[in-house]
Amino acid sequence: MMMPTLPICRALPLLLAALCASARLHAEDTPPKCTYVEVASLPIRYVGQSLAPAVDGTINDTPATMLIDTGSDQTHMTMNAATRRDLHLSMTGRYVEGLGGLSRLYGVRLKDFAIGPAHAGRRPELTVIGSTTFTPSFDAIVGAPFLLQTDLELDLRAKRMKFYRPLECRKTDLFLWKEDTVVLPFARNFGRSPNPHFTVVVNGKEMDALIDSGAHRSFMMLDAAKKAGIDVNGAGAVRMGDAGGVGSDRAPHWIAPVKTMQIGQETISNVELGIIDSQGSRTADLYLGQDFLRTHRVLFAMSQEKLYIAYLGGDVFTRGTGLEPWMRAEADGGNADAQYALAQIYNTGRGVPRDPLQAGVWLDMAANGGQPNASLLRGRRQMLAGQVETAIPQLRRALDQLPADRLGPLWLYIARVRHGEADLAKTELEAALKQQKEDDWPAPIADFYLGKINAARLLEEAGKDTKLARARTCMADAYMAEWYDARGDAAEAGALKATVRTNCAPTKGKQ
C-alpha cells in the first residue's frame, strides 16, 4: 500500500521544524535570478557626408535610413524624406533648436514608422525639420525617447546596436563585456528626453555631460570651456570651420587643448576637444560624440538608472580634420558616403595635403556608387566646365533623391539656360520652390533667377541678417555672375566675378 508523499518539512520530526522554517526564510531573501533578454540586434552603417551612424527602417512601408541620435530629445523626419514621399505637411507653430539656431517644425501623419522590430504605434504623428545647414541623405533622426524605451547597447566599433529587456535585474551588475567597465549612476531625467546626464570632471571642474551619438565629434559648449580655464584664443587653440546642423546658421567652432578629463574611474589626459559657440539652446556642458563611441562600448541600462562604459582602445577624441583609418576602410569597402567624405577631405586639404586629383577620383567613385550629394557636386562641376549635356542628367538624377536641396535647383537652372532650355529651366525651378516649405535663404536667389526681384533687392535680402551678411552677399554676387554668364553678358558677369575676388577672400583664421 503506497503512502501519500508529504512535503519534506512536514514529514520531519518536530525537533527539525525550526531548521526548515529558517531555510524557507533564507530562500525568500535570495534575490531572483537576473535574465537579460536580447530583444533585437541591428547592424549600424555610416551614412551621409558626415558619416553618421544609422540603421535601416521603414516609413509608410518604404525603406528608410534612420540616424541614431541619442542627443536628440525628439524623433524627427527630414524635409528631404517628406518631400520625396510627397507627404502632406501641416504647420505646428513650434520650433526646434540646434547648433545652427532655430528651425520651424511641420507635422505629418504616417501609416507606420519602424526600426527593426520596433514600431512607433498606430498611425504615428511625427515632426519634420524645416531647415538644416546641409541636405541630409538620411530620412529621419531617431531620438532618445524612441531609442531609450528599454536598455540599449551601442558599439560603433562593431557597428551594431542591441536592445535588451531585463527581468529581475535591478540589483545585478550587468558586466556584459570582458573589458574593464566604468559604472556611472544617473538620476532619472524627467524632461522631454530620457537621455541620462552624468558628471565628468574637465581640468578639475565638474561638467554636466551626455552621450550624443548624433554628434560627429565630441564637443564642449563655449561658456563651459571658459569655466574650465580653456581659452579658445590661447596657445594651442585653433579656429576651425563653422559647425552646422539643425537651423540655417552656423556655429563658431574651435579645437583647444584639455589637460584632463575624468569619466568615473577613467582619466583621459592631454587631448584636444571641440569647443562650439552654439547658436541655439543646449542642455549640457559636454557632448560625447561618435569619436568617443568608436573607442568605447556603452550600455544605457535604463532599467537600473546606470551607464556602463568600457574603453576599447585608441584615441578617444579626434579633431575631425583628417583622414582616419576607419574612414579609409569604409571607403575601400565600397561605402559611397565614405568615398564622398574622402573627396571632401582631399578637396579642402582638411588634415591632409590638398589633392584635387585624389578628390576627383573619390568623387567619381561616390557618384558612380549612387551617393546623391556626390552626384550633385559632380554635376555642378561639369556645368561650370561647360559640359552641360553631361551635367543636366547628373543634376536631375541627384535632385530626384534630394528634392529638398536648396542649391541644386539653382545649379540645374543655370545648366538648362546654358543649354538653351530657358523655359524648362524656369518651370523646374518654380516646381522646386513649391516643394520647399521654407522661404529663407537662398530663396531670394531663385526669385532673382525667375525675374521676381532685381539685383538691388537681392543684395538687400542678403544683408538683412547682420551675422551672415558678408557670406550671403558674396554668394549673391557669385550666383548673379553665373546668371549673366549663362545669358551671354560677359561684361556684367566679369564685373561681379571681380567683386567676389576682391571682397570674398577667406577671413584670417577660417578654414
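Computed from a predicted structure; not experimentally measured.
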### Query
How far apart are the C-alpha atoms of Gln358 and Val352, what are their side-chain angles, what is the distance that settles it, and do they pass the side-chain contact (heavy atoms from CB on, under 4.5 Å) test?
CA-CA 11 Å; Gln358 275 274 63; Val352 298; over 6 Å; no

More than 12 heavy atoms of other residues, nucleotides or ligands under 6.0 Å from [atom1] of [X]: yes or no?
X: Asp315; atom1: CG; value: no
X: Glu206; atom1: CD; value: no
X: Arg354; atom1: CZ; value: yes
X: Asp355; atom1: CG; value: yes

Looking at every non-hydrogen atom in both residues, tell me the closest pair between [X] and [Y] and how far apart they are.
X: Asp73; Y: Pro145; value: O-CG, 3.3 Å
X: Glu330; Y: Ala338; value: CB-CB, 3.6 Å
X: Gln290; Y: Ser50; value: OE1-O, 4.4 Å
X: Ser375; Y: Ala398; value: CB-CB, 3.9 Å
X: Asp337; Y: Gly48; value: CG-N, 3.2 Å
X: Tyr340; Y: Ala366; value: N-CB, 3.6 Å

Heavy atoms, side chains only, cut-off 4.5 Å: are [X] and [Y] in contact?
X: Arg84; Y: Asp139; value: yes
X: Leu376; Y: Asn373; value: no
X: Thr295; Y: Arg157; value: yes
X: Thr267; Y: Gln262; value: yes
X: Leu148; Y: Pro196; value: yes
X: Arg45; Y: Thr65; value: yes
X: Pro442; Y: Met475; value: yes
X: Thr70; Y: Phe300; value: yes

Between atom [atom1] of [X] and atom [atom2] of [Y], what is the distance when rounded to the nearest 0.5 Å?
X: Leu395; Y: Asp400; atom1: CG; atom2: CG; result: 11.0 Å
X: Gln74; Y: Leu105; atom1: CD; atom2: CG; result: 6.5 Å
X: His216; Y: Asp291; atom1: NE2; atom2: CG; result: 8.5 Å
X: Leu288; Y: Ile309; atom1: CG; atom2: CD1; result: 7.5 Å
X: Thr135; Y: Arg406; atom1: OG1; atom2: CZ; result: 8.5 Å
X: Leu402; Y: Leu407; atom1: CG; atom2: CG; result: 11.5 Å

### Query
Are any of the side-chain nitrogens in Glu324 or Arg217 under 4.0 Å away from the carboxylate oxygens of its partner?
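Arg217 and Glu324: salt-bridged.
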
#### Entry: Ion pair Lys227/Asp223, N-O distance below 4.0 Å
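Not counted as a salt bridge, because no side-chain N and carboxylate O are separated by less than 4.0 Å.
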
### Partner set under salt bridge (Lys or Arg N to Asp or Glu O under 4.0 Å) for Glu168, not counting sequence neighbours
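For Glu168 there are no salt bridge (Lys or Arg N to Asp or Glu O under 4.0 Å) partners, ignoring immediate neighbours.
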
### Message
For Asp332, give me all partners under salt bridge (Lys or Arg N to Asp or Glu O under 4.0 Å), at least two apart in sequence or on another chain.
### Response
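Per chain and number, Asp332 pairs via salt bridge (Lys or Arg N to Asp or Glu O under 4.0 Å) with Arg328.
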
### Task
Keeping to residues at least two apart or across chains, list the salt bridge (Lys or Arg N to Asp or Glu O under 4.0 Å) pairs with something in residues 364-380.
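Found Asp364-Arg378, Arg380-Glu482.
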
### Task
Would you mind listing every ring pair (Phe, Tyr, Trp, His ring centres under 6.0 Å) that reaches into residues 60-90, with sequence neighbours excluded?
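Found none.
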
### Task
Check ring-ring contact (aromatic ring centres under 6.0 Å, His included) between Tyr287 and all other residues, then give those that pass, not counting sequence neighbours.
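ring-ring contact (aromatic ring centres under 6.0 Å, His included) list for Tyr287, sorted by chain: Phe219.
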
### Query
Got a sec, which residues hit ring-ring contact (aromatic ring centres under 6.0 Å, His included) with Trp177, two or more places apart in sequence or on another chain?
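For Trp177 there are no ring-ring contact (aromatic ring centres under 6.0 Å, His included) partners, ignoring immediate neighbours.
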
Is a side-chain N or O of [X] found less than 3.5 angstrom from the main chain of [Y], in a donor-acceptor match?
X: Asp69; Y: Gly143; answer: no
X: Asn203; Y: Lys259; answer: yes
X: Gln344; Y: Ala341; answer: no
X: Asn60; Y: Asp112; answer: yes
X: Thr127; Y: Tyr106; answer: no
X: Thr62; Y: Ile59; answer: yes
X: Asn195; Y: Ile211; answer: yes
X: Gln304; Y: Thr172; answer: yes
X: Arg165; Y: Thr150; answer: no
X: Thr78; Y: Phe138; answer: yes

### Message
If the test is side-chain contact (heavy atoms from CB on, under 4.5 Å), which one of Leu286, Val271, Asn270 qualifies with Met261?
### Response
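Single side-chain contact (heavy atoms from CB on, under 4.5 Å) partner of Met261 among Leu286, Val271, Asn270: Leu286.
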
### Task
Could you go through the side-chain hydrogen bond (donor to acceptor under 3.5 Å, both in side chains) check for Ser303 and Asp151 one step at a time?
CA-CA 7 Å; Ser303 59; Asp151 290 9; 2.9 Å; yes

### Message
Under the criterion side-chain contact (heavy atoms from CB on, under 4.5 Å), I'd like the reasoning laid out for Thr181 against Leu174: C-alpha separation, chi angles, the key distance, then a yes or no.
### Response
CA-CA 10 Å; Thr181 301; Leu174 301 174; over 6 Å; no

### Task
Look at the aromatic rings of Tyr311 and His296 and report parallel, tilted or perpendicular, splitting at 30° and 60°.
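If you compare the ring of Tyr311 with that of His296, the planes turn out tilted.
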
### Task
Evaluate side-chain contact (heavy atoms from CB on, under 4.5 Å) for Leu299 paired with Tyr164, printing each intermediate quantity in order.
CA-CA 10 Å; Leu299 175 66; Tyr164 292 95; 4.3 Å; yes

### Task
Please report the C-alpha distance between Met77 and Leu87 in whole Å, then the side-chain angles of each, then the deciding distance to 0.1 Å, and finally whether the side-chain contact (heavy atoms from CB on, under 4.5 Å) criterion is met.
CA-CA 11 Å; Met77 280 184 64; Leu87 299 176; 3.7 Å; yes

